[in-house]
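Taking it in order: structure first as structure tokens, then the write-up.
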Amino acid sequence: VFDSGLGGLTVVRALERELPAECLVYFGDTARLPYGNKSKVTVERLSLEALRFLSHFEIKALVVACNSASARALDVLQAEAPFPVLGVVEAGAARAAAATRNGRVGVIGTRATVRSGCYERALAARREGLRVIAEACPLFVPLVEEGWIDHEVTRAVARHYLEPLRAGGVDTCILGCTHYPLLGEVIGEVLGGGVTLIDSGESVAAEVAGVLGDRGLRARAPAPGHRYRFFVSDQPEQFAAQGARFLSHALVQEVRVVDQSAVPWYDRWAGRDAVPGEEQR
Ligand code: DGL
């Protein structure tokens, strides 16, 4: 699982429920986040580095948990990877296209995701005639990271951002950013009870289960040494401390920081059998 930081833990939470027997390696690029306000070329470059790093773990599929990276870099990752690469955008769009009754779908995400128009394209490919109202909500990520979930400021910001969706009468809203499922209650409150909220993480977890199943790659029972491993590019302590909020339970595994000095860290990793001390976990 690759994400720009810790928001991807909402996708881990969904994967844990959907695929409890699978091992998982997570990389959160905490040194370089946010991806949500970076250019396509930069998000592509950072995403390719993450792919090269995670490739050293003999993974059978890559889940791009980050909406901004799914929006900007999925095609280059799929072209480079010898295994399936699944992004959150297609999965979320498929669920929303099936869920909407009145054909009006809201999409909220970072600036990078909304500017890319990726959800509009994915929705149009699945169902003709949908009306899509997309709004960037850049303040939501820092509010969630600050822990301001049930907070009057967050409610005021949500009312401001979501007004076009409310006025447009959407009956379905895609939470097109890793952090937004944590704001589900506030967003639901502002949009009104009848609006279906689509969690892209849950959607992609179901898709991963399908892809692994189709290829006969699905683990039936947890393997001996079944484990989750977490790597970040900066501030592992902060990731571990904040992780519980995104996972809905404590993050018990050690969070390790990747070495980014001189030679690119993803190249230096190649050829090493294991991270020192890895075999003990
Ligand atoms: N993970 C990002 C996303 O889902 C949000 C945080 C960021 O901007 O890096 O778009």
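Counting starts at 1 for both ligands and their atoms, in listed order. Just so you know, these numbers come straight off a predicted model, no measurement behind them.
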Verify salt bridge (charged side-chain N to carboxylate O under 4.0 Å, His left out) between E49 and R45, making sure each step is shown before the conclusion.
-> CA-CA 6 Å; E49 291 185 9; R45 179 172 58 79; 3.8 Å; yes
Please test N67 against Y180 for side chain to side chain contact (heavy atoms under 4.5 Å, CB included), starting from the C-alpha separation and ending with a verdict.
-> CA-CA 11 Å; N67 275 263; Y180 298 0; over 6 Å; no
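Of the N and O atoms on the side chains of E16 and H249, at least one donor lies less than 3.5 Å from an acceptor on the other residue.
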Between the protein and ligand 1, are there any N or O atom pairs that come within less than 3.5 Å of each other, and if so, what are their names and distances?
from     : atom 1 : to   : atom 2 : distance (Å)
ligand 1 : 1 (N)  : D3   : OD1    : 3.0
ligand 1 : 1 (N)  : S4   : OG     : 3.1
ligand 1 : 1 (N)  : T178 : OG1    : 2.9
ligand 1 : 4 (O)  : N67  : N      : 3.0
ligand 1 : 4 (O)  : T178 : N      : 3.0
ligand 1 : 4 (O)  : T178 : OG1    : 3.2
ligand 1 : 8 (O)  : Y35  : N      : 3.4
ligand 1 : 8 (O)  : G36  : N      : 2.8
ligand 1 : 9 (O)  : S4   : OG     : 2.6
ligand 1 : 9 (O)  : Y35  : N      : 2.7
ligand 1 : 10 (O) : S68  : N      : 3.1
ligand 1 : 10 (O) : S68  : OG     : 2.6

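Looking at L24 and Q253, their side chains never come closer than 4.5 Å, going by heavy atoms from C-beta outward.
Test S4, S68, S116 against T110 for side-chain hydrogen bond (donor to acceptor under 3.5 Å, both in side chains) and you get one pass: S68.
Sorted by first and then second residue, the ring-ring contact (aromatic ring centres under 6.0 Å, His included) pairs involving residues 59-85 (not counting sequence neighbours) form an empty list.
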